[in-house]
Visitor: 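Following this message is one structure expressed as structure tokens.
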Protein chains: 2
Amino acid sequence: MHKDRPRQLSTAEERRETVLRTAIGAFAARGYFGTTTAEVAKAAGISQAYVYRLFPNKELLFVAVVEHCFVQVRASLERAAAEARGGSPEVVLTAMGDAYAKLISNNDLMLIQLHAQAAAVSEPAVREAVRQGYARLVEYVRGASGGSEEQIQTFFAVGMLCHLIVSMGADEVEAPWTRTLTAGITHY
Amino acid sequence: MHKDRPRQLSTAEERRETVLRTAIGAFAARGYFGTTTAEVAKAAGISQAYVYRLFPNKELLFVAVVEHCFVQVRASLERAAAEARGGSPEVVLTAMGDAYAKLISNNDLMLIQLHAQAAAVSEPAVREAVRQGYARLVEYVRGASGGSEEQIQTFFAVGMLCHLIVSMGADEVEAPWTRTLTAGITHY
DNA sequence: TGTGCATGTGAGTACTCAATCAGTCACACC
DNA sequence: GGTGTGACTGATTGAGTACTCACATGCACA
């Protein structure tokens with residue numbers, strides 16, 4: 001009925017990281033308001049009570065998850081930019097876009113960004129995290145690619161289009177309108 | 001303590017329309033999971049119980065609100081297209097983009113679309129409504145503008161970028177990264 | 001071997017939510 | 001004035017919800 005493997009304690013810091021990693025999957029489906037702290041706890045394999053020892057409340061937990069995602073996205077773009085170093089802006093941006101497409105082939109990272117955007121409307125701490133996340137992302141892409149204002153803007157506009165496609169599962173529908181929206185967008 | 005203005009009855013159909021109109025404002029702030037049926041009822045000036053006589057449940061209420069928004073967006077694009085009839089695809093698309101910008105200068109319509117996108121991930125009925133909404137929108141824009149696949153795609157990508165800008169309030173922040181994202185996007 | 005402390009939990013509390021239902025009230029028509 | 005029908009509500013329910021707290025348990029080190 002119940003495993004007798006002796007309990008293996010982690011440091012609080014390790015546990016916090018586990019929670020950040022696993023909570024992505026929990027929040028990805030139903031967002032900030034739709035996900036319970038009990039679900040987050042279950043995904044991390046700890047009790048719901050202990051979530052509140054690791055994070056002060058649900059909002060700051062979600063903020064930490066959102067920041068964690070932005071860090072991963074940035075790291076992925078940095079790797080891509082490093083590989084394409086010295087190329088034209090177009091080449092670097094394409095490499096970054098491709099790296100992003102690979103990163104989010106597991107949709108959770110992208111869904112968190114979508115849900116963070118939605119929660120940002122009413123939750124000030126989330127809004128601040130999203131602002132900072134995109135601020136750094138935009139500045140990094142600008143610096144690393146050397147692209148024009150318009151190119152940078154298009155880069156992010158296409159990213160947002162990806163959010164739409166994934167959230168409504170447009171890639172599972174065969175129709176002219178889905179082909180129009182998804183044209184030229186890499187998918188892994 | 002309590003207004004004695006005699007109760008004025010409406011038909012159920014009128015009330016349903018009132019609810020659809022006022023619920024937009026209620027759902028705009030906190031989305032599907034974050035908004036209670038009591039808040040929707042208050043915005044419409046009716047009791048929470050009566051919401052359930054007008055709509056079978058919360059999900060279908062939200063779906064009706066989302067569909068109502070898509071109808072409004074489409075109507076707005078149709079008006080713009082009619083005025084720019086006979087122009088080049090660029091001219092028609094610009095007119096449509098401008099009409100959209102005007103329509104959503106009250107942010108609620110756009111926020112509903114964002115929240116609908118988020119809820120579409122986990123609520124099948126919402127997903128279906130969002131798919132149908134964009135399907136019709138894409139086909140309408142294609143037909144009315146005669147633009148290329150790429151132009152249509154860009155039109156919607158820019159629309160999604162608007163969602164990002166509004167949701168995080170990027171237009172209230174003065175910084176290079178916000179100027180890059182918002183460049184050339186009309187704002188009323 | 002014991003003891004101090006960080007890791008971790010069971011069992012709550014106080015509250016909110018969607019959904020229900022019995023029943024009241026307005027009004028059109030006789 | 002009476003009556004049938006549809007509009008509308010107060011009160012309630014049962015299933016959660018975020019968050020708390022008293023207590024248990026593993027482990028490093030004296």
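Every chain is numbered from 1 and lettered A, B, ... according to where its sequence line falls, protein lines coming before strand lines.
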Visitor: Check this one for me: any side-chain N or O of B:Arg15 less than 4.0 Å away from OP1 or OP2 of D:dA7?
Guide: no

Visitor: Where along residues 33-54 of chain A does a heavy atom come under 4.0 Å from DNA chain C, residue by residue in number order?
Guide: A:Ile46, A:Ser47, A:Ala49, A:Tyr50, A:Arg53

Visitor: Strictly below 4.0 Å, N to O, side chains only: are B:Arg136 and B:Glu139 in salt-bridge contact?
Guide: no

Visitor: How long is the line joining CZ of B:Arg16 and P of D:dC8, in whole Å?
Guide: 11 Å

Visitor: Can you see which heavy atom on B:Val121 is nearest to which on A:Ala28, and at what distance?
Guide: CG1-O, 3.9 Å

Visitor: Without decimals, in angstroms, what is the distance between B:Glu14 CD and D:dC8 C1'?
Guide: 14 Å

Visitor: Could you tabulate the donor-acceptor pairs under 3.5 Å formed by side-chain atoms of residues 42-51 of chain B, not counting sequence neighbours?
Guide:
residue, atom, partner, partner atom, Å
B:Ser47, OG, B:Tyr50, N, 3.3
B:Gln48, NE2, B:Thr37, OG1, 3.0

Visitor: Once you round to the nearest 0.5 Å, how far does OG1 of A:Thr22 lie from CG of A:Asp108?
Guide: 11.0 Å

Visitor: Under 4.0 Å from any atom of DNA chain C, heavy atoms only: list the residues of residues 62-69 of chain B that qualify, in numerical order.
Guide: none

Visitor: Return the angle between end axes of the helix from C:dT1-D:dA30 to C:dC30-D:dG1, with five pairs used per end and rounding to 10°.
Guide: 0°

Visitor: For the residue pair B:Glu149 / A:Thr180, report whether a side-chain donor-acceptor contact shorter than 3.5 Å exists.
Guide: yes

Visitor: Looking at A:Arg21 and A:Glu17, is any side-chain nitrogen of the basic one under 4.0 Å from a carboxylate oxygen of the acidic one?
Guide: no

Visitor: Enumerate, atom names and distances included, each donor-acceptor pair closer than 3.5 Å involving a side-chain atom of residues 81-100 of chain B, sequence neighbours excluded.
Guide:
residue, atom, partner, partner atom, Å
B:Ser88, OG, B:Glu90, OE1, 3.3
B:Ser88, OG, B:Val91, N, 3.3
B:Glu90, OE2, B:Gln151, NE2, 2.8
B:Thr94, OG1, B:Glu90, O, 2.7
B:Asp98, OD1, B:Tyr188, OH, 2.7
B:Asp98, OD2, B:Tyr188, OH, 3.0
B:Tyr100, OH, B:Gln113, OE1, 3.0

Visitor: Which pair of non-hydrogen atoms, one from A:Val141 and one from A:Ser145, has the smallest distance, and what is that distance?
Guide: O-OG, 2.7 Å

Visitor: List, one per line, each side-chain donor-acceptor pair under 3.5 Å for residues 160-167 of chain B, sequence neighbours excluded.
Guide:
residue, atom, partner, partner atom, Å
B:Ser167, OG, B:His163, O, 3.1
B:Ser167, OG, B:Leu164, O, 3.0

Visitor: Are the side chain of A:Gln132 and the backbone of A:Ala129 linked by a donor-acceptor contact shorter than 3.5 Å?
Guide: no

